[in-house]
2 protein chains.
Amino acid sequence: MAEHDIDRPAPKRRRSKGSSLTLRDVARLANVAPITASRALNTPEAVSEAILARVKDAVERTGYVPNLLAGGLASRRSRLVAAVVPTITGSVFLETVQALTDTLAAHGYQMMLGQAGYAGTRADALLEAIIARRPDGVILTGIMHSPLARRRLVASGIPVVETWDLTPNPVDMLVGFSHEQLGAAVAHFLHRRARRHVAAITAGDERAIRRHGAFAAAAASLGIAGPGALAQQVVPAPSTVESGRAGLRALLAQAPAIDAIFCSSDLVALGVLIEAQAQGIAVPGQLAIVGMGDLALSRDLHPALTTVRVDGTLIGATAARYIMQRAEGRAVAQPVCDVGFTIVERGTT
Amino acid sequence: MAEHDIDRPAPKRRRSKGSSLTLRDVARLANVAPITASRALNTPEAVSEAILARVKDAVERTGYVPNLLAGGLASRRSRLVAAVVPTITGSVFLETVQALTDTLAAHGYQMMLGQAGYAGTRADALLEAIIARRPDGVILTGIMHSPLARRRLVASGIPVVETWDLTPNPVDMLVGFSHEQLGAAVAHFLHRRARRHVAAITAGDERAIRRHGAFAAAAASLGIAGPGALAQQVVPAPSTVESGRAGLRALLAQAPAIDAIFCSSDLVALGVLIEAQAQGIAVPGQLAIVGMGDLALSRDLHPALTTVRVDGTLIGATAARYIMQRAEGRAVAQPVCDVGFTIVERGTT
DNA sequence: CTGAAAGCGCTAACAC
DNA sequence: GTGTTAGCGCTTTCAG
């Protein structure tokens, strides 16, 4: 019972109870070293035809599926990307999340989804849980700007893309558009359409508020904000159809002369449309409605909804590309992308 | 330059370039062995007060975030759960995904999301990508039933929950409801409401078709399916408002006498409602509409939509609980859960 | 082009 | 309660 054997003792595989199929088994079957099997799977061009065939055959026969957790630990590349949204239901970010998932999946990455909530209380815990998985990138949509979260994220060194906004001092990369420009553009649009008493219904989230601040300012300078301040209703986030209905009722009580409403989401706009129809208010005759987000259903309403379209798919695909580029060690030349927006004019204006 | 040192050479940390903060660093700072630091973090009750405090302090001071990839490899528990949906946009499963994410997050698990597509071509590749991450569980919603996928899943030994259905031979666990019962219930409901010429608009996905098969059979046996076969339109999945509008037009051309339509989703039902309003057809006077899914907006329509509600949140939370129970080694006593459904009667009937 | 050795950062198993 | 040791399954590094 020597305390120190001179020759290193043969490694005994102690914990192999589930004894899952490993690269070793495949390598043994193919009569190569494990590392060669690894190369055959990851960089097939670096391996001879014959060996490639043998390894592939062994994989086929055993039904081997590599363990990417182990691979990630060794290579420091998890091929996991985290996306954070405020909430997933009824969110304008769905298109972005879809594009993200698809683009990433097409390149062998997998998406983790996290919900930060609109209150922001869960954000820090969520971010810690995310960083603990060592993702190759984090994509932030909507809020998520606790200072602690920012610091942690920077400290972790993980590539970050912030989306759906153009903040002056991003954590890292940026794919979005200017909410201020958007708000002002809508005011000018309504002015050109000869609306003279505009109003707004705004969800109580930070970006919507900035959007509508710019809208109010532009409307005032165009002289279409009504006699006093702009008539405005703030409804809680996330926005709903009911907020729109209630919002219109409140607005009408407050300023009966209004002839146009800018809503912070298409759902709210749908609520306004429904309430207007229920009250016998002609749209667009007496009241113009502009939404935001261009949901799939907006073009199918009657009348079809005028809205501001943001290309969420482009945002998602671009963000995914940025992350993958970074993960593969290539620098991103222009890590800020303004995708802009379009006012899609339809029947409600 | 001895070729074999008798004493094992001191491990030289060769690859430490990024030199991330590890448990070792924390342990060193707290003056304990790494395993003790590990215990302080994972099973604080198994460690003395004094040590717990020292470790916590060290974590605090360094900003240490554990590497769960490494932890998962060692413990064979990734704390990752995969959810698969056909597509994320416009999906009735959003509520389920939300509940899943939240329930899992509350217990330290993270959700990976995958989109299989309605065509089913991406399902196999997606499933391989998922299994490669060794999740503690997989939650399937919607289709995903390629035989290869089933086999792989079973072979992997990963706990599986199939949701939104009650299949006769599940892969593993099951949380759903009977689409057949649902379809029949709607037929009886319309019969009781004195509708005598019912019709249906069905998205071309397998469950909707089964639902509507049962609807048609029950309607026929009640004598409300019209003179010949039930008037029915099949529209492509995923369903949209436009499908509903087009569907109603087609149905009217085909069978002008219909007085009720069962739609395979609320979005389709909204389309029918809009088209009816556009054509001056009174709802519910001339035409009753029943949706499926009870979207948030359905109750806010005018008239509010009668629909079949399925508790997607309950499905998600239950599925999450099943997976976590299994992951923690406890068997699930009743791995089949019928969450049922409710017909929510509102203004369109 | 192929392989041996040495870990990636953590925890299970067994001592004490 | 705390520590020692030996891996989890893979890939990097370095050597042929």
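Chain letters run A, B, ... following the sequence lines, proteins first, then strands; residues in each count from 1.
What separates CZ of B:Arg24 from P of D:dG3 is a distance of 15 Å, to the nearest Å. Distance A:Leu23 CG to C:dG3 C1': 13 Å, rounded to the nearest Å. In this structure, the CG atom of B:Leu68 is 11 Å from the C1' atom of C:dG9, given to the nearest Å. Put simply, CZ on A:Arg28 is 20 Å from P on C:dT2, counting in whole angstrom units. As a whole-Å value, the separation of B:Leu41 CG from C:dT11 P is 8 Å. In this structure, CG of A:Leu69 is placed 11 Å from P of D:dC10, rounded to the nearest angstrom.
Minimum atom distance to the side chain of B:Thr22 is reached by C:dC10, of the listed C:dC10, C:dA12, D:dC8. Between D:dG3, C:dG9, D:dC10, one nucleotide has an atom nearer to the side chain of B:Ala33 than all others, and that is D:dG3. The nucleotide whose nearest atom lies closest to any side-chain atom of B:Arg39 is, among D:dT13, C:dG9, C:dA13, C:dA13. Which of D:dG9, C:dG9, C:dG3 sits closest to the side chain of B:Ser20 comes down to C:dG9. In this structure, the nucleotide among D:dT12, C:dC8, C:dA12 sitting nearest to the side chain of A:Ile35 is D:dT12. The B:Leu73 side chain lies nearest to C:dG9 when the options are C:dT11, C:dG9, D:dG3.
No donor-acceptor contact under 3.5 angstrom links the side chains of B:Thr87 and B:Gln115, judged on distance only.
The base of C:dG9 does not come close enough to the side chain of A:Arg76 for any donor and acceptor atom to sit less than 3.5 Å apart.
Under the 3.5 Å distance criterion, the side-chain polar atoms of A:Arg28 are left unmatched by any main-chain donor or acceptor of A:Leu23.
The shortest distance between the side-chain N/O atoms of A:Thr36 and the OP1/OP2 oxygens of C:dG3 is below 4.0 Å.
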For a quick test of your reading: what N or O donor-acceptor pairs under 3.5 Å do the side chains of residues 167-175 of chain A make, sequence neighbours left out?
{"unit_1": "A:Asp172", "atom_1": "OD1", "unit_2": "A:Arg326", "atom_2": "NH2", "d": "2.9"}
{"unit_1": "A:Asp172", "atom_1": "OD2", "unit_2": "A:Val160", "atom_2": "N", "d": "3.0"}
{"unit_1": "A:Asp172", "atom_1": "OD2", "unit_2": "A:Arg326", "atom_2": "NH1", "d": "3.1"}

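Listed by chain and number, the residues in a salt bridge (Lys or Arg N to Asp or Glu O under 4.0 Å) with B:Glu49 amount to none (sequence neighbours excluded). Listed by chain and number, the residues in a ring pair (Phe, Tyr, Trp, His ring centres under 6.0 Å) with B:Phe93 are B:Trp164 (sequence neighbours excluded). For the side chain to side chain donor-acceptor pair (under 3.5 Å) test, no residue two or more places apart in sequence or in another chain qualifies with B:Arg54.
Contacts with DNA chain C (heavy atom under 4.0 Å) in residues 42-67 of chain B: B:Asn42, B:Tyr64, B:Pro66, B:Asn67, listed by number.
The stretch residues 94-108 of chain A participates, sequence neighbours left out, in these salt bridge (charged side-chain N to carboxylate O under 4.0 Å, His left out) pairs: A:Glu95-A:Arg309, A:Asp102-B:Arg122.
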